[in-house]
Amino acid sequence: GAVVSQHPSWVICKSGTSVKIECRSLDFQATTMFWYRQFPKQSLMLMATSNEGSKATYEQGVEKDKFLINHASLTLSTLTVTSAHPEDSSFYICSAPSPTSGYNEQFFGPGTRLTVL
Amino acid sequence: GENVEQHPSTLSVQEGDSAVIKCTYSDSASNYFPWYKQELGKRPQLIIDIRSNVGEKKDQRIAVTLNKTAKHFSLHITETQPEDSAVYFCAADNQGGKLIFGQGTELSVKP
């Protein structure tokens, strides 16, 4: 099946610094990837759609200048949390639809646990 | 936009009993409805999905039903086992991959 990886799996940073999270599709190409955020004991919330070769599309209420998304190639999307603060501490998960699954089925990365001190 | 409501938020059953989790969605254009199982700190794991042209789908102990008219779909787990204990999420997709998730159900199966 399709495999999506994320790096790093966890990161701890100081308030005010920026953190970059990578999402890679390992055995398929993904022109679109999605970024979700999940706070403890809550659901996954869609943050943005990452589009290869064009700007990301952000969901209502998500600050595009704070959460920078770059879809650099057909297998890599990055999410940069700029000037991170403790309230940004969360579990960030990416997903990509596999073309062999009719583009509906999403393959999720393992997630990145961000802790901002 | 799409809104997905999921009930109950917690569910406790005895081993061997059935568990049912229900979801409603708001956007009639939604055409794909996956169910995920998520263990603590891990990625969501697809357990079953259904498309809008199908009313019911079954995979061993797991089944999903969809009522397009009423805009609701349900997950049925029969003969529950302790290893079924986890958080379950329903979701709806109407825009080629954008998943809107329900709030989640914490299922506890007591031996």
Side-chain angles (χ1 to χ4, degrees), chain A residues 1-7 9-10 21 23 25 28 30-52 56-62 71 77 90-99 101-115, chain B residues 1-10 21 23-27 29-54 57 59 64 66 73 86-108:
Chain A
V3 179
V4 175
S5 70
Q6 272 183 251
H7 178 81
S9 56
W10 59 270
I21 302 169
C23 176
S25 56
F28 65 101
T31 56
T32 301
M33 291 182 175
F34 300 93
W35 287 95
Y36 295 85
R37 179 169 56 180
Q38 185 177 31
F39 292 109
K41 293 192 175 295
Q42 293 189 25
S43 186
L44 286 82
M45 185 194 78
L46 178 65
M47 299 177 66
T49 302
S50 174
N51 304 297
E52 191 270 336
T57 306
Y58 292 82
E59 296 300 304
Q60 191 172 7
V62 178
H71 203 127
S77 174
S90 189
F91 192 50
Y92 291 85
I93 309 176
C94 67
S95 75
S98 169
S101 300
Y103 293 99
N104 272 141
E105 184 177 354
Q106 293 291 315
F107 293 91
F108 286 88
T112 297
R113 174 78 55 194
L114 170 64
T115 302
Chain B
E2 176 66 278
N3 183 49
V4 179
E5 296 288 332
Q6 181 174 346
H7 298 281
S9 57
T10 61
I21 303 171
C23 288
T24 60
Y25 61 99
S26 61
D27 192 336
S30 290
N31 55 19
Y32 175 66
F33 307 92
W35 285 90
Y36 295 92
K37 176 182 181 182
Q38 188 181 32
E39 296 176 348
L40 191 61
K42 297 192 175 181
R43 78 187 88 189
Q45 175 192 357
L46 179 69
I47 56 171
I48 197 166
D49 57 12
I50 192 167
R51 288 181 167 78
S52 58
N53 58 349
V54 176
K57 184 176 177 181
D59 182 4
V64 56
L66 170 65
F73 56 113
V87 180
Y88 290 80
F89 292 99
C90 64
D93 169 12
N94 67 349
Q95 295 186 40
K98 287 178 62 172
L99 290 175
I100 305 302
F101 284 82
Q103 295 86 347
T105 296
E106 185 173 2
L107 174 64
S108 175

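The sequence lines fix the lettering, A, B, ..., with proteins before strands; numbering per chain opens at 1.
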Point to revise | Which atoms of A/Ile93 approach chain B - backbone, side chain, both or neither, heavy atom under 4.5 Å | key: side chain
Check your understanding: Looking at A/Ser43 and B/Gly102, what are the two nearest heavy atoms and their distance?
Key -> OG-O, 2.5 Å
**Study point:** Closest non-hydrogen atom pair between A/Gln106 and B/Tyr36, with its separation
**Key:** CB-OH, 4.1 Å
Review point. Looking at B/Leu99, B/Ile100, B/Asp49, B/Leu46, which one has more heavy-atom pairs under 4.5 Å with chain A than the rest?
Key: B/Leu99
Exercise for review: Heavy atoms only, distances under 4.5 angstrom: which of A/Ser95, A/Gly111, A/Gly109, A/Pro40 has the most pairs with chain B? Name it, please.
Suggested key: A/Gly109
Review point. By salt bridge (charged side-chain N to carboxylate O under 4.0 Å, His left out), which residues pair with A/Glu59, not counting sequence neighbours?
Key: B/Lys98
Check your understanding: Which bit of B/Leu40 comes within less than 4.5 Å of chain A, counting heavy atoms only: side chain, backbone, both or neither?
Key -> neither
Exercise for review: Tell me, please, which residues at least two apart from A/Thr112 pass side chain to side chain donor-acceptor pair (under 3.5 Å).
Suggested key: A/Gln6
Point to revise | chain B contact via A/Phe91 - side chain, backbone, both or neither, heavy atoms under 4.5 Å | key: side chain
Exercise for review: Give, as side chain, backbone, both or neither, the part of A/Thr32 having an atom under 4.5 angstrom from any heavy atom of chain B.
Suggested key: neither
**Study point:** Part of B/Pro34 lying under 4.5 Å from any heavy atom of chain A
**Key:** neither
Exercise for review: Might you point out which heavy atoms bring A/Tyr36 and B/Gly97 nearest each other, and give the distance in Å?
Suggested key: OH-O, 3.9 Å
Practice item. Compare all side-chain heavy atoms of B/Phe89 with those of A/Gln38 and state whether any distance is below 4.5 angstrom. Key: yes
Point to revise | Segment of B/Gln38 engaging chain A (4.5 angstrom heavy-atom cut-off) | key: side chain
